[in-house]
Number of protein chains: 2
Amino acid sequence: MGLTKTEIFSDRQNRLAQMMKALAHPARIAIIQQLVKSQACVCGDLVEELGLAQATISQHLKELKNVGLIKGTIEGTSVCYCIDGKVWNQYRSAFESFFVTYVNKDDCC
Amino acid sequence: MGLTKTEIFSDRQNRLAQMMKALAHPARIAIIQQLVKSQACVCGDLVEELGLAQATISQHLKELKNVGLIKGTIEGTSVCYCIDGKVWNQYRSAFESFFVTYVNKDDCC
DNA sequence: CTTATTCATCGTAATATTACAATAAACATT
DNA sequence: AATGTTTATTGTAATATTACGATGAATAAG
């Protein structure tokens with residue numbers, strides 16, 4: 001137990017859930033917002049901006065990298081992260097498709 | 001440790017993360033989709049539709065209820081669940097606001 | 001009143017997540 | 001080469017999540 005039963009759900013459902021999960025932490029939201037704001041790519045500045053340990057930030061960055069939302073390129077001794085526009089758009093349309101399915105009728109109960 | 005440091009993030013960030021979390025499981029996605037599809041409210045039919053134990057479904061329903069996305073009304077011995085249109089719209093616009101912040105320029109790295 | 005039916009809750013096991021100190025790896029600087 | 005800087009990784013503790021059987025509470029049916 002304690003293990004999500006992905007087999008019984010559709011690929012779409014699993015993928016959407018995974019997308020949500022990638023953003024289901026305030027630190028990862030904050031990281032994304034920083035990357036959006038500082039049009040140029042930030043790197044370890046994130047550690048100063050957010051108040052978390054370097055190891056923790058690195059861990060969150062890894063998760064965001066794993067789902068493809070961000071990518072990092074090495075620049076000397078530091079790493080420059082930025083948002084992957086393609087994946088961002090995929091997320092955006094996946095979320096929109098999900099939310100558009102429900103049309104507001106009078107609540108039935 | 002192991003406890004999210006909500007204090008260091010803004011209310012907006014925490015709320016958005018919580019919304020994502022509510023939908024960060026395929027079973028909860030599937031439940032919502034069922035409720036959208038069967039315009040009338042479903043109840044324990046969910047247990048048959050998805051392949052999870054009754055206790056598990058009940059637990060997921062509770063989480064969705066906690067964030068306000070769905071509401072349930074007792075009908076005799078069964079419970080009728082449906083989406084709360086107001087909260088749905090709040091979610092929708094919160095997600096849209098988030099995704100609209102990033103405008104696709106050429107990826108910088 | 002007794003017996004089903006339906007759903008919520010409790011208890012519990014397995015697994016995942018979050019956070020950080022400590023360390024390693026890679027490059028830059030002296 | 002030796003030292004510093006920056007990031008990733010490893011190990012670990014605390015907490016959260018997921019799933020389900022068992023039980024309880026409420027109403028319906030007999």
Side-chain angles (χ1 to χ4, degrees), chain A residues 1-9 13-14 17-31 34-35 40-67 70-82 109, chain B residues 1-9 13-14 17-31 34-35 40-67 70-82 109:
Chain A
M1 291 164 209
L3 171 69
T4 298
K5 285 187 156 181
T6 54
E7 332 87 59
I8 67 175
F9 302 106
Q13 289 168 334
N14 282 316
Q18 201 187 18
M19 291 183 190
M20 296 283 186
K21 201 165 164 185
L23 296 170
H25 194 285
R28 292 194 290 274
I29 296 281
I31 288 173
Q34 266 297 316
L35 293 185
C41 308
V42 198
C43 35
D45 304 327
L46 291 165
V47 178
E48 288 188 25
E49 283 292 336
L50 325 187
L52 289 172
Q54 182 266 323
T56 308
I57 299 288
S58 202
Q59 204 172 328
H60 283 301
L61 285 170
K62 192 179 179 182
E63 288 185 64
L64 290 171
K65 237 186 324 183
N66 282 343
V67 297
I70 67 174
K71 43 188 180 174
T73 48
I74 300 173
E75 285 189 354
T77 168
S78 59
V79 177
C80 169
Y81 282 103
C82 69
C109 56
Chain B
M1 293 166 207
L3 172 68
T4 298
K5 284 188 155 182
T6 55
E7 333 86 58
I8 68 175
F9 302 106
Q13 290 168 334
N14 282 316
Q18 200 186 18
M19 291 182 190
M20 296 283 187
K21 201 165 163 186
L23 296 171
H25 194 286
R28 293 195 289 275
I29 296 282
I31 287 173
Q34 266 298 316
L35 293 185
C41 308
V42 198
C43 34
D45 303 329
L46 291 165
V47 179
E48 288 188 24
E49 283 291 338
L50 326 186
L52 289 172
Q54 184 265 323
T56 308
I57 298 288
S58 203
Q59 203 171 328
H60 284 300
L61 285 170
K62 192 180 179 182
E63 288 184 64
L64 290 170
K65 238 186 323 183
N66 283 343
V67 297
I70 68 173
K71 42 188 180 174
T73 47
I74 301 173
E75 284 190 353
T77 168
S78 58
V79 177
C80 170
Y81 282 103
C82 68
C109 58

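Every chain is numbered from 1 and lettered A, B, ... according to where its sequence line falls, protein lines coming before strand lines.
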Could I get a table of every N or O pair under 3.5 Å where one atom is in the protein and the other is in nucleotides 2-4 of chain C?
none

Check: protein-nucleotides 3-6 of chain D nitrogen or oxygen pairs below 3.5 Å:
{"residue": "dT5(D)", "atom": "O2", "partner": "Thr77(A)", "partner atom": "OG1", "Å": "3.1"}
{"residue": "dT6(D)", "atom": "O4'", "partner": "Thr77(A)", "partner atom": "OG1", "Å": "2.9"}

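- To the nearest 0.5 Å, atoms CE (Met19(A)) and CE (Met20(B)) are separated by 11.0 Å.
- Counting to the nearest Å, the C1' atom of dA8(C) and the CG atom of Leu64(B) are 15 Å from each other.
- Rounded to the nearest 0.5 Å, atoms CD1 (Ile57(B)) and CD1 (Ile31(B)) are 5.0 Å apart.
- Distance check, rounded to the nearest 0.5 Å: CG of Leu50(B) to CD of Gln34(B) gives 6.5 Å.
- Within the structure, every side-chain polar atom (N or O) of Lys21(A) is placed at least 4.0 Å from both OP1 and OP2 of dA16(C).
- Within the structure, a side-chain polar atom (N or O) of Tyr81(B) is placed less than 4.0 Å from OP1 or OP2 of dA8(C).
- Side-chain contact between Leu61(B) and Val79(B): absent, with no pair of heavy atoms (C-beta onward) separated by less than 4.5 Å.
- The overall bend of the helix from dC1(C)-dG30(D) to dT30(C)-dA1(D), read as the angle between its terminal helix axes built from five base pairs each, is 10° when rounded to 10 degrees.
- In this structure, His60(A) does not reach the dT17(C) phosphate: none of its side-chain N or O atoms is under 4.0 Å from OP1 or OP2.
- Rounded to whole angstrom, the span from the NZ atom of Lys62(A) across to the P atom of dA16(C) amounts to 14 Å.
- Glu75(A) has its CD atom 13 Å from the P atom of dA8(D), to the nearest Å.
- For the residue pair Tyr81(B) and Leu35(B), the shortest heavy atom distance occurs at O-CD2, 3.6 Å.
- For Glu63(B) and dT17(D), the CD to C1' distance is 8 Å, given to the nearest whole Å.
- Of the candidate nucleotides dT18(C), dC20(C), dC20(D), dC20(D) has the atom nearest to the side chain of Lys5(A).
- In terms of the side-chain hydrogen bond (donor to acceptor under 3.5 Å, both in side chains) criterion, Thr56(A) has no residue partners (sequence neighbours excluded).
- Atom CD in Gln59(B) sits 11.0 Å away from atom CD in Gln54(B) (nearest 0.5 Å).
- Atom pair Ile70(B):CD1 and dC7(C):P shows a separation of 13 Å (rounding to whole Å applied).
- Between Leu64(A) and Ala22(A) the shortest heavy-atom distance is CD2-O, 3.8 Å.
- Contact record, Leu52(A) with Val47(A): O-CG1, 3.7 Å, taken as the closest heavy-atom pair.
- Summarising the geometry, atom CD1 belonging to Ile70(B) is positioned 11.5 Å from atom NE2 belonging to His60(B); distances are rounded to the nearest 0.5 Å.
- Open room surrounds CD on Glu48(A); 12 or fewer heavy atoms of other groups in view lie less than 6.0 Å from it.
- In the region residues 50-59 of chain A, proximity to DNA chain C at under 4.0 angstrom, judged on heavy atoms, holds for Leu52(A), Ala53(A), Ala55(A), Thr56(A), Gln59(A).
- Sorted by first and then second residue, the salt bridge (Lys or Arg N to Asp or Glu O under 4.0 Å) pairs with a member in residues 49-63 of chain A read Arg28(A)-Glu63(A); sequence neighbours excluded.
- Between Ile74(B) atom CD1 and dT27(D) atom P there is a gap of 7 Å when expressed in whole angstrom units.
- Between Leu23(B) atom CG and dT18(D) atom P there is a gap of 12 Å when expressed in whole angstrom units.
- In this structure, Glu7(A) places its CD atom 12 Å from C1' of dA19(D), rounding to the nearest Å.
- Ile74(B) CD1: 12 or fewer foreign heavy atoms inside a 6.0 Å radius.
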